Structures are given as structure tokens and as C-alpha cells.
Amino acid sequence: MATTRPAAIKKQTSSGGVIFRNSRKGIEVALIAVKNKTVWCLPKGAIDKNEDFQTAAVREVREETGLSGEVIDKIGKISYWYFIKDENVRFNKTVYFYLMEYKSGNTDEHDREVDDAQWFPIEEAIGKLAYKGEKEILQKAKKMIEKKKIS
Ligand code: ATP
């Protein structure tokens with residue numbers, strides 16, 4: 001009888017951001033596309049050694065979207081599980097998100113590791129996001145922007 005080794009459990013942490021600007025179309029936020037442009041998500045990535053969560057969030061947003069922003073506030077965190085079959089590992093991941101005001105840069109300069117980066121009106125962006133946790137983060141970010149009347 002074949003025996004199945006129980007999967008190991010590993011914790012992972014990343015930082016990411018909601019970068020926004022005020023345009024003629026209202027508030028816009030930048031999303032990235034992965035998995036052959038089938039999945040739109042918020043920019044995020046692993047925290048480097050000796051880097052704090054906020055610095056990592058600003059760097060990941062800049063690398064993945066091509067955009068530089070200034071952090072306004074924390075938004076919150078999300079957690080999810082995923083399984084890597086080849087390693088037989090179940091990852092329990094937590095991602096911390098920060099709200100950032102756009103300062104400079106262009107989405108044409110997005111990381112070649114992502115399939116695309118684009119600005120979307122914030123309500124459209126909420127609809128485009130693939131993951132429920134990220135939709136909730138963006139909804140919260142929208143409330144924060146409206147409340148603070150930023151820009
Ligand atoms: P990072 O961007 O932090 O370097 P990564 O690209 O290595 O991470 P993830 O984006 O965490 O990895 O994706 C790992 C798995 O988790 C994929 O199968 C992906 O579809 C899934 N996933 C990514 N984000 C979420 C989420 N917010 N909720 C649920 N599942 C997610």
C-alpha cells in the first residue's frame with residue numbers, strides 16, 4: 001500500500017502595497033497581472049534580510065509596477081494557504097499591505113517577471129482582483145483614501 005508522507009508546514013511573510021493617484025477618472029490604483037494575464041493582483045513580495053516590512057512594500061511596488069510611492073499608512077494583513085506538490089510543503093502565508101501615494105515612474109517599466117502592470121479606476125480594480133483577501137484590502141484602502149480626502 002502506498003504511504004503518503006504528511007506535508008511539512010512552513011510559514012512565509014511578504015509585504016505589498018496599494019499605490020494610488022488622483023486622475024481625471026478619479027482615484028486609480030495599479031495592479032499587476034500574472035499567470036499569462038489571467039490573474040490580476042496587488043504588487044507584493046518577500047522581505048529581504050535587514051529590511052523592514054514597509055521598506056520591502058515600497059521596493060516591491062516599485063519593482064513590480066515601475067511606480068514609486070510614499071507610504072501614507074498601514075492597511076492590514078491577509079493570510080492564505082497554498083501547497084507545493086514537488087516539495088510536499090503547505091505554506092501558510094501572511095502578507096502585510098501599505099497604502100502609498102504615487103510619486104513617480106511609469107507602468108511600462110514593470111518587472112519582466114510579471115505579465116503586465118496597469119492603472120485602473122479603484123472600483124474596477126476591486127472587481128478585477130482574483131483573490132478575496134486582496135479585494136478586502138482594496139476596499140479598505142478605498143475607505144481610507146475617501147476618509148482622509150488625500151490628494
Ligand atoms: P511573492 O509575490 O510574495 O514573492 P509568490 O509569487 O512566490 O509570492 P504567491 O503569490 O503567494 O507566491 O502565490 C503562491 C500561491 O498562492 C499561488 O498558487 C497563488 O495562486 C496563491 N495565492 C496568491 N495570492 C493569494 C491570495 N491572496 N489568496 C489565496 N491564494 C493566493
Side-chain angles (χ1 to χ4, degrees), residues 4-21 27-147 150:
T4 316
R5 217 163 22 95
I9 292 176
K10 287 189 186 168
K11 274 194 151 304
Q12 250 183 4
T13 310
S14 275
S15 271
V18 171
I19 186 163
F20 72 93
R21 69 179 181 187
I27 298 292
E28 293 184 312
V29 297
L31 304 184
I32 58 161
V34 296
K35 304 195 185 199
N36 285 321
K37 288 203 188 185
T38 58
V39 169
W40 286 91
C41 48
L42 292 170
K44 63 157 173 60
I47 296 143
D48 285 346
K49 270 206 185 93
N50 304 320
E51 197 178 41
D52 61 38
F53 288 20
Q54 181 170 318
T55 309
V58 171
R59 178 185 51 73
E60 285 291 344
V61 167
R62 188 179 59 242
E63 287 174 4
E64 292 198 326
T65 66
L67 308 171
S68 292
E70 205 173 270
V71 171
I72 304 274
D73 213 340
K74 284 180 190 167
I75 305 170
K77 63 177 180 181
I78 62 169
S79 288
Y80 54 93
W81 289 86
Y82 68 95
F83 180 60
I84 300 280
K85 204 177 166 194
D86 293 351
E87 298 174 33
N88 197 31
V89 176
R90 292 184 71 215
F91 286 93
N92 179 205
K93 186 154 183 170
T94 302
V95 189
Y96 293 83
F97 284 100
Y98 291 82
L99 183 64
M100 294 170 206
E101 189 166 11
Y102 167 72
K103 292 291 168 194
S104 61
N106 194 304
T107 50
D108 293 343
E109 285 144 39
H110 72 78
D111 196 330
R112 295 303 129 193
E113 280 177 24
V114 306
D115 302 327
D116 202 0
Q118 273 183 44
W119 288 105
F120 294 99
I122 194 159
E123 205 51 49
E124 190 183 336
I126 294 169
K128 272 200 127 28
L129 284 174
Y131 304 114
K132 187 170 162 272
E134 293 195 355
K135 280 184 193 284
E136 287 166 4
I137 288 289
L138 194 47
Q139 247 141 8
K140 190 169 171 203
K142 184 173 180 246
K143 287 203 182 101
M144 289 169 72
I145 296 165
E146 287 164 356
K147 201 168 167 188
I150 310 162

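Counting starts at 1 for both ligands and their atoms, following the listed order. In what follows, residues are counted from 1 in the order of the sequence shown. Small disclaimer: the values here were computed from a predicted structure and weren't measured. Side-chain atoms are counted along with the backbone in the values below, which use heavy atoms only and exclude waters and symmetry mates.
Counting heavy atoms from C-beta on, the side chains of H110 and I32 never come closer than 4.5 Å. The closest side-chain heavy-atom distance from F20 to E101 is below 4.5 Å.
Applying the 4.0 Å criterion to heavy atoms of I78 picks out, from ligand 1, the atoms 27 (N). Close approach to Y82 involves these atoms of ligand 1, each under 4.0 Å from a residue heavy atom: 14 (C), 15 (C), 16 (O). Contact atoms of ligand 1 toward G45: 1 (P), 2 (O), 3 (O), 4 (O) (distance under 4.0 Å to a heavy atom of the residue).
Nearest protein heavy-atom contact of atom 3 (O) of ligand 1 is S14 OG, 2.6 Å. In this structure, atom 12 (O) of ligand 1 lies nearest to the protein heavy atom K93 NZ, 3.6 Å. Protein heavy atom nearest atom 10 (O) of ligand 1, with residue, atom name and distance: K44 NZ, 2.6 Å. In terms of protein heavy atoms, atom 11 (O) of ligand 1 is closest to Y80 OH, 2.5 Å.
Listed here is the closest heavy atom pair of E134 and L129: O-CD1, 3.5 Å. Closest approach of K44 and S14 over heavy atoms only: CD-CB, 4.4 Å.
By the criterion of a heavy-atom distance under 4.0 Å, the side chain of K35, and not its backbone, is placed next to ligand 1. Contacts between Q12 and ligand 1, counted as non-hydrogen atom pairs separated by less than 4.0 Å, are absent for every part of the residue.
Remark: the T94 side chain and the S79 side chain contain an N/O donor-acceptor pair separated by less than 3.5 Å.
Between Y131 and ligand 1, at least one pair of N/O atoms sits closer than 3.5 Å.
Under the 30°/60° scheme for interplanar angles, the aromatic rings of Y82 and F91 are found to lie parallel.
Within a 6.0 Å sphere centred on NZ of K77, heavy atoms belonging to other residues, nucleotides or ligands number 12 at most.
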